[in-house]
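Being a predicted model, the structure only gives us computed values, none of them experimental.
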Amino acid sequence: MVSFKALGERALRPVPAFAARAAEAPALGGSLRDLVLLRAPVALVASALLWVRLADLAAALRSPDSALWRQVLEILPTAPDPGELAEALARIPALPSLGSALPWLALLAPLGVLGLWLHHATLDHLGLMILGGARRGGWRATLSAEAEALQVGVLGALLALPGHVPGAPWWLSLLLVPAAVYFWLLRGAALAAWHGCPLWKGLAATVLNPVLAGLLLLLAMLPALLVLGVALAS
């Protein structure tokens, strides 16, 4: 498996480091294996922390005496009957314990990593094709570049973990935004190295990624929006 020293070098000197890695022509299977081994444990920890936060929120939602409900009741024009409120909240199912959810989270963690890899590879490759940067290697080159870049992204995922800790201040996530943007754009250097295209095209492809995702989501929602529009007009 790739060392953290190598990952750090690719994070700090992405253009020459990814160019050197691309010249080695690593096997896609090996790159993908290392990606899952690196990212799945971090994804598991992040999802477990998120589960704890959701469990706390669910517990607060089910308790009429919680701080959450005190804030809600303060802004309501008319307070509901306490007994009826408590009876209604008691019907909300409790979230399973972390111990019960952990096996499922452990199963979903590698699947989530693979899903992230395929998502970025698909949209980044589409963006690169639009920009005329997919010069060599085709789809397989993009898959390899994304696998190698997302390995380096584990450093960003580790940096983001404190923001997932229950009780962490909201401003901590804001401090991590520059690192998130940097590790997002890092894929552009890998794309440029594997496809032999200018760096700006690789970077621009990663910028197009969310734009294309938004357009595809809009296209998927268009039939439902048309039906809704007809229903409202009739």
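By the 4.5 Å heavy-atom criterion applied to side chains, Gln151 and Arg10 are counted as neighbours. Considering only heavy atoms from C-beta on, Met221 comes within 4.5 Å of Leu217 through its side chain. Looking only at side-chain heavy atoms (C-beta outward), Asn209 and Leu126 stay at 4.5 Å or farther from each other. In this structure the side chain of Leu44 never reaches within 4.5 angstrom of the side chain of Leu108, judged on heavy atoms. The shortest side-chain heavy-atom distance between Pro96 and Trp51 falls under the 4.5 Å cut-off.
Atom CH2 of Trp104 sits in a sparse spot, with 12 or fewer heavy atoms from other residues, nucleotides or ligands closer than 6.0 Å.
By the rule that hydrophobic residues join a cluster once side-chain heavy atoms approach within less than 4.5 Å of another member, Val152 and Leu158 end up as members of one cluster. When hydrophobic clusters are built by joining Ile, Leu, Val, Met, Phe, Trp and Tyr residues whose side-chain heavy atoms come closer than 4.5 Å, directly or via intermediates, Leu172 is not grouped with Val177. Transitive grouping of hydrophobic side chains (ILVMFWY, heavy atoms separated by less than 4.5 Å) brings Val15 and Leu203 into a common cluster. Connection of Leu150 to Val36 is established within a shared hydrophobic cluster, with ILVMFWY side chains joined at heavy-atom distances below 4.5 Å, either directly or through further cluster members. In terms of hydrophobic clustering, with Ile, Leu, Val, Met, Phe, Trp and Tyr side chains grouped at heavy-atom distances under 4.5 Å, Leu49 and Val154 are assigned to a common cluster.
Between Val2 and Ala6, the shortest heavy-atom distance links the atoms CG2-CB, 3.7 Å. Residues Leu212 and Leu123 approach most closely at CD1-O, 3.6 Å, considering heavy atoms. Heavy-atom minimum distance, Ala160 versus His164: O-CD2, 3.5 Å. Minimum interatomic distance between Ala205 and Leu128 (heavy atoms only, all atoms of both residues): CB-N, 3.8 Å.
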Enumerate donor-acceptor pairs with a distance under 3.5 Å from any side-chain N or O in residues 111-119 to protein atoms, sequence neighbours excluded.
residue	atom	partner	partner atom	Å
Trp117	NE1	Leu143	O	3.0

Name every donor-acceptor pair, under 3.5 Å, that has one atom in a side chain of residues 26-35 and the other anywhere in the protein, sequence neighbours excluded.
residue	atom	partner	partner atom	Å
Ser31	OG	Ala27	O	3.3
Ser31	OG	Glu148	OE2	2.5

Residues 178-197 side chain polar contacts: donor-acceptor under 3.5 Å, at least two apart:
residue	atom	partner	partner atom	Å
Tyr182	OH	Ala11	O	2.3
Trp184	NE1	Thr206	O	2.9
Arg187	NE	Asp124	OD2	2.7
Arg187	NE	Glu146	OE1	3.3
Arg187	NH1	Trp184	O	3.3
Arg187	NH2	Asp124	OD1	3.2
Arg187	NH2	Asp124	OD2	3.1
His195	ND1	Arg136	O	2.9
His195	NE2	Thr142	OG1	2.7

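Every side-chain hydrogen bond (donor to acceptor under 3.5 Å, both in side chains) that Arg13 has, sequence neighbours left out, goes to Glu9. Not counting sequence neighbours, the partners of Glu24 by the side-chain hydrogen bond (donor to acceptor under 3.5 Å, both in side chains) test are Arg21.
The side chain to side chain contact (heavy atoms under 4.5 Å, CB included) with Leu54 is formed by just one residue from the set Val52, Asp56, Leu50; it is Leu50.
Within the model, atoms CG of Leu89 and CZ of Arg62 stand 8.5 Å from one another, a figure rounded to the nearest 0.5 Å. Note: Leu199 CG to Phe18 CZ = 11.5 Å, rounded to the nearest 0.5 Å. Note that CG of Leu175 is 11.5 Å distant from CG of Leu159, once rounded to the nearest 0.5 Å.
For residues 198-210, no residue pair satisfies the salt bridge (charged side-chain N to carboxylate O under 4.0 Å, His left out) rule, not counting sequence neighbours.
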Assess whether side-chain contact (heavy atoms from CB on, under 4.5 Å) is satisfied between Leu57 and Leu95, documenting all intermediate values. CA-CA 10 Å; Leu57 178 60; Leu95 204 64; over 6 Å; no

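Of the possible polar contacts, one joining the Ser144 side chain to the Arg140 backbone as a donor-acceptor pair under 3.5 Å is found.
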